[in-house]
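Worksheet: one structure, shown below.
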Amino acid sequence: MDKEYNPNNIEANIQKYWDDNNSFVCKLDNPSEKFYCLSMFPYPSGKLHIGHVRNYTIGDVIARSNRMLGKNVFQPMGWDSFGLPAENAAIANDIHPSEWTRNNIIHMKSQLKRLGYAYDWSKEISTSDPDYYKWEQWFFLKLLKKKLVYKKLSEVNWDPVDKTVLANEQVIDGKGWRSGANIERREIAQWFLKITDYAESLLDDINQLSDWPSSVKMMQKNWIGKSQGALVKFPISSSSDSKYFIETYTTRLDTICGVTFLAVSPSHEIVKNTNNLSDNVVKFIEKCNSLKISEETLSTITKEGVDTGIRVINPITKKEIPVWVANYVLSDYGTGSVMSVPAHDTRDNEFAKKYNLPTKKVIKSDTDDAFTEKGILINSGEYDNMDYTTATNAILESLKKQNLGMQKINYRLRDWGISRQRYWGCPIPVFYHNDGSVYPVPDEDLPVKLPEDIDFNLDGNPLDNHPTWKYIKCPYTGKDAIRETDTFDTFFESSWYYLRFLSSDSKKEIFNHNKNHWLPVDQYIGGIEHAILHLLYARFFHKLFRDEGIIDSDEPFSSLLSQGMVLKDGHKMSKSKGNTIDPDDIVKKYGADTIRLFIMFSAPPEQNLEWSDQAIEGSYKFLKRLWILTHKIINMKEVVTNDSSDSNSINIKLHMTIKKVSNDIFKRNNFNTAIASIMEFFNDLSKYSQSNNINRELLLSGITTIVKMLSPITPHITQELWFQLGFKTNLMDVSWPEVDEEIINESRKEIVVQVNGKLRGKISIESNQSEDEIKSMVESNSNIRKYIDGCEIINVIYVKDRLINYVIQNEK
RNA sequence: GGCGAAGUGGUGGAAUUGGUAUACACGGCAGAUUCAAAACCUGCUCCUUCGGGUUGAGGGUUCGAGUCCCUCCUUCGCUACCA
């Protein structure tokens, strides 16, 4: 037995013990209560970063502690292994994406093992593995059959020099990151998934997610963005043909008489289809086309626009108004055009002021700024004096009669564009005949595998450039055909991996229906940055699988924990800032238990965590003290039994600590305060061990309880100490300690005495003393009397086991 | 721009349901130990005119506000092709 705490030896031995005993393998058909604990699988970028360590430590602590409650815990791990960085590495380092990815996985897996995470590696999956993406292709074809997939033109960032489509993050200040060329927007035909068909159910079922953070639910609700409004047609006045009009969507039909112009997006049909636009307008549209396709960019630029010269008729007032093209109008929200009411919309107001467009007030208010609330109508002819609802209904009636409007529920959510013009992704399993008609690859020909021999030195999509891969014979007709060369968005793979973990070995089916009771996932843990996209897509896929009869539940994740980021000096760690921390260095120096303890102790999981090289020493020091005290207790030969009051208060503290730690871990996910209470009790126990009257049994019971409660957090040192305390079992399978509530209830309580809300003293009371008894104790206490004497007591507020507050007048 | 968070000592943070603000740590200071140092151990550590004051700023509700409400400031995440 080592005298000193030597984490590297201990951790290697304990990890070998776990390996030898297959400690992490989950028998999925075991009948005891299941607990599916899932941490978001990583993109194999090369090395684990500290954010991974945080994510996975939180998940592992939850998995291990629930196992101690007797649950059958399944905690798998895998790799989100398709994606852009592999292609970048291929170009930069002349290494094949599959090789780069494979190497990264090998390295990162060894790092995860070194950190002691209890993953069931027998169920490991890699999304770039054809065994995985085969099923994704299979499922896509089901959706195609159901007409939940379609193709349409959509804008991308185009790099005219590299002749390639760029991701938003690859466009820096409007220029391609590699070529430096000004990017252009370009429309290309792409595949879309009809997520909007599920908008209503994705919105409704948020109500089922009682154990999700409300912030995440709120963000999803707002992202889906359901609104009740109306479609309104504005006929074009220069055209006598009633077929020509501009359609707008509005939620404020009551303000229609205040519309002073229409604003359309630069890619609106009306702009595309009008031939005689002035140079001015054409130039403006060209300028807009050099902006990248992100909402963020579009909404933060200076608002600009030009008059197109086109005029339309307001269907209610019959007045003619101009049509402007404006850079802030989104082409894919609503109809891509806005009826602008400068008097009652902030953005329209700004724009009108800038270009001296008229403002017409139609809702009664005192302000000259944009008044955006609902109110009573004015300047609206026959609709004057109506309120919002009455006016909206009346105006809608008039529009309906003219065939120029209808009620409409609109969603901000758009269909999901899943096409990527990239190599390192899952091939979309369709092909085309020469006439452009689309055919699914037959199920028996799946998977459509990526070719290995690929040239990254050519411009454009490497898959499209491959000399032979895309040329095939149609399996139905034998005619010449061409494969789809787009691959899936990588969010596609991560939308269903949680389900595949349960049937990862099956070559016959995507999901074994006998595993249905394992869904939904009981606890999902991952970064807050995934609050919208990944989590919404996974929820969407779950419903698609349900409607395909593959699974039975409505939602994939019953409980969600969104952990915050790890910061250094208040900033996100990044290579460019040079403020990264390599977890390997920390593990080498202090061991896995120390980094796990530090990460769990330094902040609650949902908050950002500030990294500190100094503070980690403290965690190491604590483990050293734990090691030393445990050995001291083990080596105490004499049993000095003494019923001192010290022993009594240690025993009370022991049970109060178990209660608090259990509540913090299982109910609150506040591991930092759980650790703080363990430390507090440890400090008390340590002091007690140095006193004259000690009870060895109590010390043993105290330290054993500490070892158990720390074991999910620092599993190596605790297992080693467990052995040294004389136990032969696997600590992972030992039951969580139990609280003796009676010991806590019978202890004395300290309550606070306040006078007018100010702290004036403290008294110690028995557990069952009445309010009157407490009052007389307070009023006979001379230290407190001096604040009350000679004053009129107006009220006394007593909060059980907490405080008593005297409200007095004529305070001295 | 929109949506969602966060802001408490020198630092990370605690205060769970509106009830003792600063638990538990880090750092610092002093002591003990040592030939000396490291390690370990013990104590102290918000400000103060000693009445009191203090939770990003300013208002409000309440017997009582870090916590609830209003206005504002700063930082962070997401914003549909980073994952």
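Throughout, protein chains are lettered first and strands after them, A, B, ... in sequence-line order, and every chain is numbered starting at 1. Values in this document were obtained by computation on a predicted structure and should not be read as measured data.
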Taking 4.0 angstrom as the limit, do [X] and [Y] come out as a salt bridge?
| X | Y | value |
| --- | --- | --- |
| K624(A) | E4(A) | no |
| K152(A) | E187(A) | no |
| D664(A) | K660(A) | yes |
| R802(A) | E750(A) | no |

Review point. When the aromatic ring centroids of F682(A) and F622(A) are compared, is their separation below 6.0 Å?
Key: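 Centroid distance F682(A)-F622(A): below 6.0 Å, so yes.
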Review point. With a non-hydrogen cut-off below 4.0 angstrom, is W416(A) in contact with a base, only sugar-phosphate, or nothing?
Key: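 W416(A): no heavy atom of the nucleic acid under 4.0 Å.
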Exercise for review: Determine the Euclidean distance between corresponding P atoms of G7(B) and U67(B); express it in Å to zero decimal places.
Suggested key: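 Pairwise P distance, U67(B) against G7(B), rounds to 11 Å.
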Exercise for review: Using the C1' atom on both, measure U20(B) against A6(B) and round to a whole Å.
Suggested key: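 About 26 Å, rounded to a whole number of Å.
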Check your understanding: In residues 799-807 of chain A, what residues come within less than 4.0 Å of RNA chain B, judged by heavy atoms?
Key ->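 Those residues whose heavy atoms fall under 4.0 Å from RNA chain B, taken from residues 799-807 of chain A in numerical order, are V799(A), R802(A), L803(A), N805(A), V807(A).
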Point to revise | Donor-acceptor pair (no angle test) under 3.5 Å: S299(A) side chain, G1(B) base | key: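 Under the 3.5 Å cut-off, the side chain and the base do form a donor-acceptor pair.
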**Study point:** N/O donor-acceptor pair, side chain N670(A) with base U16(B), under 3.5 angstrom
**Key:**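 A donor-acceptor contact between them is absent.
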**Study point:** First encountered from the 5' end of RNA chain B, between D415(A) and R347(A)
**Key:**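 Closer to the 5' end of RNA chain B: R347(A).
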Check your understanding: Hey, is the side chain of R186(A) poking within less than 4.0 Å of OP1 or OP2 on C81(B), counting only N and O atoms?
Key ->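 No.
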Review point. Looking at the angle O4'-C1'-N9-C4 for a purine or O4'-C1'-N1-C2 for a pyrimidine, is G9(B) syn or anti, with syn meaning within 90° of 0?
Key: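 Syn, which is what one calls it when the glycosidic angle falls within 90° of 0.
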Point to revise | N-glycosidic conformation, G56(B) - syn within 90 degrees of 0, else anti | key: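 Anti.
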Check your understanding: Parallel, tilted or perpendicular: which describes the rings of W100(A) and Y43(A), with under 30° parallel and over 60° perpendicular?
Key ->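 The arrangement is tilted - the two ring planes meet at 30° to 60°.
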